[in-house]
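One structure is given below, encoded as structure tokens.
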Amino acid sequence: MFYPFKKIEKKWQKIWQKNNYSIWHSKYLLGKKIYILDMFPYPSGEGLHVGHVENFVASDILARYYRMKGFNILHPMGWDAFGLPAENYAIKKNKNPKDFVPQNIERYKKQIESLGLSYDWQREINTTEPYYYYWTQWMFLKMFERGLVYEKEAPINFCPSCKTGLANEEVVEGKCERCGNYTEIKFLKQWHIKITAYAERLLEDLNNLDWPENIKEMQRNWIGKSEGYEIDFKIKNSDQSIKVFTTRLETIFGITFIALSPLHPLILKIAKGDYYLNVEEYINHYIKKLSKHQFEIDFNGIFTGAYASHPITGESIPIWISDYVLSDYATGAIMGVPAHNKFDYKFAKKFMIKIIQVITPQKNKIIEKLPYEGDGFLINSFDYDDLKTEVAKEKIFQYLESKNLIKKAVYYRLKDWVFSRQRYWGEPIPLIRCQKCGVVPVPEKDLPVTLPNVKNYKPTLTGESPLKNINWWVKVKCPKCSDWAERETQTMPQWAGSCWYYLAYILKTFSKQKNKIYPKIIWDKNKLNYWLPVDIYIGGAEHAVLHLLYARFWHKFLFDLNLVSIPEPFKKLVNQGIILGTDGEKMSKSRGNVINPDDLINKYGADSLRIYEMFMGPLIETKKWDSSAIMGPFRFLNKIWLYSKKNKKNKKLKDSIEVLKSFNKLIKKVSQDIENLKFNTAISSMMEFVNFLSDKSISKKNWLNFIKLLYPFAPHLAQEIWQSFGKKSLLEKEIWPDYDNRYIDEDNIILIIQVNGKKRDELVIKKNLNFEDVKKMILAREKVKKFIKDKKIKKFIFIQDKLINIVI
RNA sequence: GGGCAGGUGGCGGAAUUGGUAGACGCGCUGGGUUUAGAACCCAGUGCUGACAAGGCGUGAGGGUUCGAAUCCCUCCCUGCCCACCA
């Protein structure tokens, strides 16, 4: 028979619900803290999946382990509930997200409860509730105050057939996800946040974080710092000049053309005579293509008819326009050096522009295959010939600087954050547009600007927010002049609420009004100082750049306001690996390979599911699901249950040395493995221990100590066994067992005997024997003699207490 | 094209200051138990020999070493991320 997991799990989940972890915190407030954070889920209609389970169980093991180790643990959960899926679902079902988001949350909570996770529900937060987004809006206004918010035209995706604005997620390969037509780009005035002002700090502070190297690298690439030079090129027969950005100043004598982005503001001013009309046509064509989402860079371009003069030689350089030059990076203009840049090369070949090689990898060696993008020595560069690229760069810089034609410049790939969405289900942007006063922030006393209830959430025909149609909400008195004005109707992006939720958990409290209790967030720097930083943050790698970069930026802004005391929020980051379906493909509805955790809990119990997911492999690795493999953990727990029954009759008080040795080693191993997040090997060593015990007996005391080790992994079963031995306490409040080194240091060791590096024999010997004694012992052995026979022994390799190798 | 991670039995995976390769689990094979099945228990299970002794084995090839899954070189493959960034 199976152990009655259903009964046991229900029973303890009920009891744990009453566990108040907030009281727990205050009791220990002087002790050492650990803040264990999960990336909070988006409560979609689909419920938890096995990936969530992996994430949450891992952090739950840590939380339970460290609580037993005496740490004060903050381990909260909440809901990132604004955003597109809820809204799309609402549109489909004609239901208000305000109604069904709470339903989804209830469902998630039930599932989380059924897994036996030890969250502190007093600290639960929900980004869509006014007490929460009060602060999201407040922080936005602080940014506004500090000049970090500005309005600028920016593109949105628009489907001309559905006549609606689309989020990036809804555009798949340039086509509308719903109707399959090509989407267009529409330009709308949108709010931006100057995250670029923090680029250098975001880059610099990565170095001090205990994060996976690949995630840090992704952020570095995303920020994309590039140090180089801005050079002025005078345009011939004109008083204009073009600024060009380059990181390869030493190739300056290889310039054979200059290329501008089709959106460069100077183009129409410099285009000459007959060329003018062609240029104009080219630009119009480009813009059209751009707006149709169909652009692919094909290195087309057109000559403007104008020439620039080379800043050193004064030679004439033709000025071109090309689609491969980006308008929104650096100066929007490049110096074309086809011999040493693959894109310039491609362009020059296409339009038969001259190619001059000016760098050679070794002196006197001409490369046949251009472009050559490496370093080396200069050629064809007049006074600078034969100089190393590094040296030439500096000399050329000094020369041009003396002529005032150059300056050092740094550019980042990072773009400012487009912060407005033309959508209903988000935090309203707390700004008011007044005819007289312009854009006026909503006064702090009027926060939060609550999201109104509306019947129609559909995106509008114009690409504007659906809130625009709600007259009573839009019309508002200007806080400055008291004339009628209008609210900003765009809402914040999904990322906004998740930028500071880890602070909200710390700050959440309750207030009482008319005998009712309301959640509230009160800024308390002492609390923040105590709990920050997040010590370990676990979640999926899909948030490597966006969420994790936005949140870091947001935190740094709060740091600048002196609202938090440390510059980085997340000390250690761990990405759990993706769990693939049994077919080795990513789990998805359309593939039909999704595994539902509820079914498994029903069949095998939450404890088995917990252990199985942790036992599958290392937390961070991608793993394939194997439904039959859950039987292993299930059998393991059944064995423990049966062994416990048997053990209750055991009257033994003292354990054999053999058992003590084995058990003390286990304590050490499980503790270390948990701390290193190696849950799979912690579990396998517990399995080994239970197998080892099967024909032995162990004292009740140490069996219960073993149950403590099991507790973080299988809390329900462990707690039930604990109680069945007459213990009344919650294991949560028990102390993690310590190991005794006396039982870990062995007197005897197994010596490996190798012949020519191959294991041929082994021998149990006392520790610390010297080489001569060991040599005698092993040479006397039959097996060893057999392998040596009459061959001559060249030498011995002896490693104390480990191995001896006979070289023959 | 660039960056990062990785490649170990039929499968998931263990083992790294270079020192017993394949722990633990799944699956499979044989046996027990059972009316039968499920569940459970016992034995076996990298490949190749014959049940032995032995030989071969960590993507491929080479190197360093008494000794390499682990270090170095060349190559192949897989996954993830980025990709006109001047």
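Each chain gets a letter, A, B and so on, in the order its sequence line appears, and its residues count up from 1. Predicted model, so just to flag it, every value in this text is computed and none were measured.
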- prompt: Cation-pi between Lys408(A) and Phe397(A): NZ/CZ under 6.0 Å from ring centre and within 45° of the ring axis?
  reply: yes
Atom C1', compared across G9(B) and G59(B): separation rounded to whole Å: 15 Å
message: Are the side chains of Val574(A) and Trp211(A) in contact, using a 4.5 Å heavy-atom criterion?
response: no
query: Tell me: CG of Leu549(A) to P of C82(B), nearest whole Å?
result: 13 Å
task: Look at the side-chain N and O atoms of Arg635(A) and state whether any lies under 4.0 Å from the OP1 or OP2 oxygen of C26(B).
output: yes
message: For the P atoms, the ones on U34(B) and on C51(B), what distance do you get once it is rounded to whole angstrom?
response: 33 Å
- prompt: Does Asn691(A) put a side-chain nitrogen or oxygen below 4.0 Å from OP1 or OP2 of G25(B)?
  reply: yes
- request: Starting from the 5' end of RNA chain B, give me the residue, Trp222(A) or Ile630(A), whose nearest nucleotide shows up first.
  value: Ile630(A)
message: Taking only the P atom of each, what is the distance from G62(B) to G46(B) in whole angstrom?
response: 27 Å
task: Round to a whole Å and report the spacing from CH2 of Trp625(A) to P of G25(B).
output: 19 Å
Rounded distance (Å) that lies between atom P of A86(B) and atom NZ of Lys225(A): 13 Å
task: Consider only side-chain N and O atoms of Tyr411(A) and Glu230(A), and report whether a donor and an acceptor are under 3.5 Å apart.
output: yes
query: What orientation do Trp495(A) and His543(A) show, parallel under 30°, tilted 30 to 60°, or perpendicular over 60°?
result: perpendicular
task: With P as the reference atom in both, quote the distance from A60(B) to G7(B) in angstrom, rounded to an integer.
output: 13 Å
query: Base, sugar-phosphate, or nothing: which does Arg760(A) touch, judged by heavy atoms less than 4.0 Å apart?
result: sugar-phosphate
statement: Whole-Å distance, Leu666(A) CG to C24(B) C1', equals 13 Å
- prompt: Can you check the Phe636(A) CZ to C26(B) P distance for me, whole Å?
  reply: 12 Å
message: Under 3.5 Å, is there a donor on one side chain and an acceptor on the other for Tyr282(A) and Asn300(A)?
response: yes
- prompt: Rounded to whole angstrom units, what separation is found between the CH2 atom of Trp211(A) and the P atom of C4(B)?
  reply: 19 Å
message: Return a single string for nucleotides 8-20 of chain B, one symbol per nucleotide in 5' to 3' order, where B is base contact, S is sugar-phosphate-only contact and - is none, cutoff 4.0 angstrom on heavy atoms.
response: ----BSSS---BB
Out of C85(B), G27(B), A86(B), whichever nucleotide has its closest atom nearest the side chain of Thr246(A): A86(B)
message: On the nucleotide A86(B), are OP1 or OP2 found under 4.0 Å from the side-chain N or O atoms that Tyr324(A) carries?
response: no
message: As a test of reading the structure: which of C26(B), C85(B), A39(B) is closest to the side chain of Ser628(A), going by heavy atoms?
response: C26(B)
- request: Take the protein atom OH of Tyr229(A) and the nucleotide atom C1' of A86(B), then report the distance between them rounded to whole Å.
  value: 14 Å
task: Would you mind telling me which of A86(B), G1(B), C4(B) lies closest to the side-chain atoms of Asn214(A)?
output: C4(B)
- prompt: Mind checking the P distance from C47(B) to A23(B)? Whole angstroms is fine.
  reply: 13 Å
Span that lies between the C1' atom of C75(B) and that of C26(B), in whole angstrom: 35 Å
message: Given a 3.5 Å cut-off on both pairing distances, which stems involving RNA chain B, each at least three consecutive Watson-Crick or G-U pairs, are present, if any?
response: B:1-7 with B:76-82, B:10-12 with B:24-26, B:27-32 with B:40-45, B:46-48 with B:54-56, B:59-63 with B:71-75
message: As a test of the definition: with a 90° window around 0 for syn, would you call G57(B) syn or anti?
response: anti
query: Is the base of G30(B) syn or anti, where syn means the angle lies within 90° of 0?
result: anti
message: For A86(B) and Ser226(A) - does any side-chain N or O of the residue sit under 4.0 Å from the phosphate oxygens OP1/OP2?
response: yes
message: Do Lys696(A) and Phe692(A) form a cation-pi contact, if we require the NZ or CZ to be under 6.0 Å from the six-membered ring centre and within 45 degrees of the ring's axis?
response: yes
- prompt: With under 30° as parallel and over 60° as perpendicular, where do the rings of Phe634(A) and Tyr604(A) fit, or are they tilted in between?
  reply: perpendicular
message: I'd like to know whether Arg220(A) forms a salt bridge (charged side-chain N to carboxylate O under 4.0 Å, His left out) with Glu213(A), so could you lay out the CA-CA distance, the side-chain angles of the two residues, the decisive distance to 0.1 Å, and finally the verdict.
response: CA-CA 10 Å; Arg220(A) 284 188 194 110; Glu213(A) 208 40 58; 3.4 Å; yes
Under 3.5 Å side-chain donor-acceptor pair for Asp626(A) and Ser628(A): yes
query: Which listed nucleotide (C26(B), A86(B), C66(B)) is nearest to the side chain of Val325(A)?
result: A86(B)
message: Under a 3.5 Å cutoff, is there a donor and acceptor pairing between the side chains of Tyr324(A) and Asp344(A)?
response: yes
- prompt: Hey, is Glu54(A) close enough to Lys623(A) for a salt bridge, meaning N to O under 4.0 Å?
  reply: yes
message: In whole Å, measure the gap between the P atoms of U17(B) and C28(B) for me.
response: 37 Å
query: In whole Å, what separates the P atom of A83(B) from that of G61(B)?
result: 38 Å
